[in-house]
Amino acid sequence: MAATPRSPAPRPLTPVSRVLRLCLHALVFGLLALAAGRAVTDSAPRAGWVVAACAVVAAVYAAGVRAPAVHRSPRAAAVWLAGLGAAWTALLVVSPDGLWIAFPLYFLELHLLRLRWGITAVAVTACAAIGGFVAHADGGAVSPGAFLGPLLGGAVAVATVLGYQALYRESERRRELIEELIATRAELAAAERDAGILAERERLAREIHDTLAQGLSSIQLLLRAAERSLPQDAPALEHIGRARGAAQENLAEARRFVRALTPPDLEHGSLAAALERLCAAAPGPRVRFCLSGAPRVLPTPYEVALLRIAQSALANVVRHARADRAEITLTFMDASVTLDVVDDGTGFDPSSAPSGEGGFGLPAMRSRAETLGGLFTVESSPGQGAAVAVTLPLPLEAS
């Protein structure tokens, strides 16, 4: 059994752990076989007892290795180590060669017991080994090695196990970090993919609205002007009427495409409803939504731009402002629509504000507004909160 730290949910053994465990088993059984073989070949007076004691130690050891409870329960491990220690003590009484088993016992005790109890067990085992060596000295002089050997062996075992456990913990931290990095990379890839899909949908909606839909609308106006300029009995009136009908049908189809490409936040309601949901779901400060003026249907690029600017501004409030309250106001006027985002946070100096990350900076908001011919303003100062306002001129068809 390799000296690896216990965990509530044991992980499968790595090749290194498996090799260390097999080496420990081989060391125990090899030392027991060596002790029994020496007793037989040297015709020791108690050779039978030595062989029997070695067999008992081997049996107890094998039983504990194969018992699942020993690996799961510290109490079961302590009981097994006590039985193994008793069998080893009996071997130590009948043979001085039992001293060799102390070294693998150190690793078992440090592995299966808590550190404090493991070190105590190592000290007791070292004292028992020293006592066994002294008992078999036959009254001769006892060299310092009799004391230093078991003590140094115990110290080496403790240092080895502690070092291995430190390396194991570091390896586990690295493994968890790698798993987190892999998961984060997958999340970032998914977020980038979703953002790319949304950006492409917005681009297509804007292109269809600004080119195809506007072109068909202009064709209708030109056909209507041509129709009015012709006499009532002109043969071309029938063809102009059909052309107007075809243009009207294709304009309606183009607008259906634009609605189908609307961002998910706008799919289930108006811009005002999307902003109200945004305020209700915002973490951190209390956010209120206000609607002023008579709402009207805006072109999809206008709704997308206003919603994204509101999301960006509110994200900045949540991340940086440390505000208690914030308010988003959507105002419809005769020729324009205005969005205001106001908070009572710490404020900042707009002239030195960072550009932000991921498209949430002030320049990105300003670019969205100016793309539609709008005006973007920021009013703030340190300690005085902040106000972000965007005004978009309403197109003729929405006025």
Side-chain angles (χ1 to χ4, degrees), residues 184 187-211 258 261-267 271-272 274-279 281-285 287 289 298-323 326-331 336-382 384-395:
T184 302
E187 292 174 1
L188 287 176
E192 290 178 359
R193 184 173 59 252
D194 294 342
I197 292 173
L198 291 177
E200 184 64 13
R201 290 176 61 174
E202 291 180 20
R203 187 189 68 80
L204 289 175
R206 183 168 59 251
E207 292 296 331
I208 292 174
H209 177 270
D210 294 344
T211 56
V258 171
L261 293 170
T262 300
D265 296 312
L266 297 172
E267 286 181 352
L271 173 63
L275 291 174
E276 192 168 4
R277 289 194 298 270
L278 176 64
C279 295
V287 184
F289 172 70
L298 297 174
T300 297
Y302 282 63
E303 291 188 339
V304 170
L306 292 172
L307 177 61
R308 295 302 186 222
I309 291 173
Q311 290 173 332
S312 302
L314 190 57
N316 286 341
V317 171
V318 172
R319 292 178 180 178
H320 309 298
R322 296 198 293 273
E327 183 173 307
I328 297 180
T329 304
L330 180 64
T331 305
S336 63
V337 59
T338 301
L339 177 74
D340 298 286
V341 181
V342 182
D343 68 80
D344 63 351
T346 56
F348 60 96
D349 182 5
S351 63
S352 61
S355 59
E357 299 177 355
F360 289 106
L362 295 178
M365 293 186 247
R366 188 184 305 276
S367 175
R368 282 187 182 273
E370 293 178 350
T371 299
L372 298 174
L375 177 65
F376 180 82
T377 59
V378 179
E379 296 180 2
S380 181
S381 60
Q384 300 298 321
V388 173
V390 57
T391 301
L392 299 180
L394 289 176

Would you say Ser367's side chain and Pro363's backbone share a donor-acceptor pair under 3.5 angstrom?
-> no

Where Arg322 and Thr346 come nearest, the two heavy atoms and their spacing | NH2-CG2, 3.6 Å

For Val342, side chain to side chain contact (heavy atoms under 4.5 Å, CB included) partners two or more places apart | Ala387

Can you sort out the partners of Glu327 under salt bridge (charged side-chain N to carboxylate O under 4.0 Å, His left out), two or more places apart, ordered by chain and number?
-> Arg288

Can you name the nearest heavy-atom pair linking Arg368 to Ala305, along with the distance?
-> CD-O, 4.3 Å

Would you call Met365 and Asn316 a side-chain contact if the rule is heavy atoms closer than 4.5 Å?
-> yes

Leu307 to Ala274 - nearest heavy-atom pair and separation | CD1-CB, 4.2 Å

Those residues at least two apart in sequence (or on a different chain) that pass side chain to side chain donor-acceptor pair (under 3.5 Å) with Thr338 are Thr391

Side-chain donor or acceptor of Tyr302 paired with backbone N/O of Pro393 under 3.5 Å = yes

To the nearest 0.5 Å, tell me how far Ser312 OG sits from Leu362 CG.
-> 9.5 Å

Minimal non-hydrogen separation, Ser380 against Phe348, with atom names = OG-N, 3.0 Å

Roughly how far, to the nearest 0.5 Å, is the CG atom of Leu306 from the CZ atom of Arg308?
-> 11.5 Å

Closest contact, heavy atoms only, Gly374 versus Leu392 = CA-CD2, 3.7 Å

Run the numbers on Val390 and Leu375 for side chain to side chain contact (heavy atoms under 4.5 Å, CB included), then give the verdict.
-> CA-CA 6 Å; Val390 57; Leu375 177 65; over 6 Å; no

Of Val317, Asp340, Leu339, which meets side chain to side chain contact (heavy atoms under 4.5 Å, CB included) against Ile328?
-> Leu339

Smallest heavy-atom separation, Arg366 atom then Phe376 atom, equals NH1-O, 3.2 Å

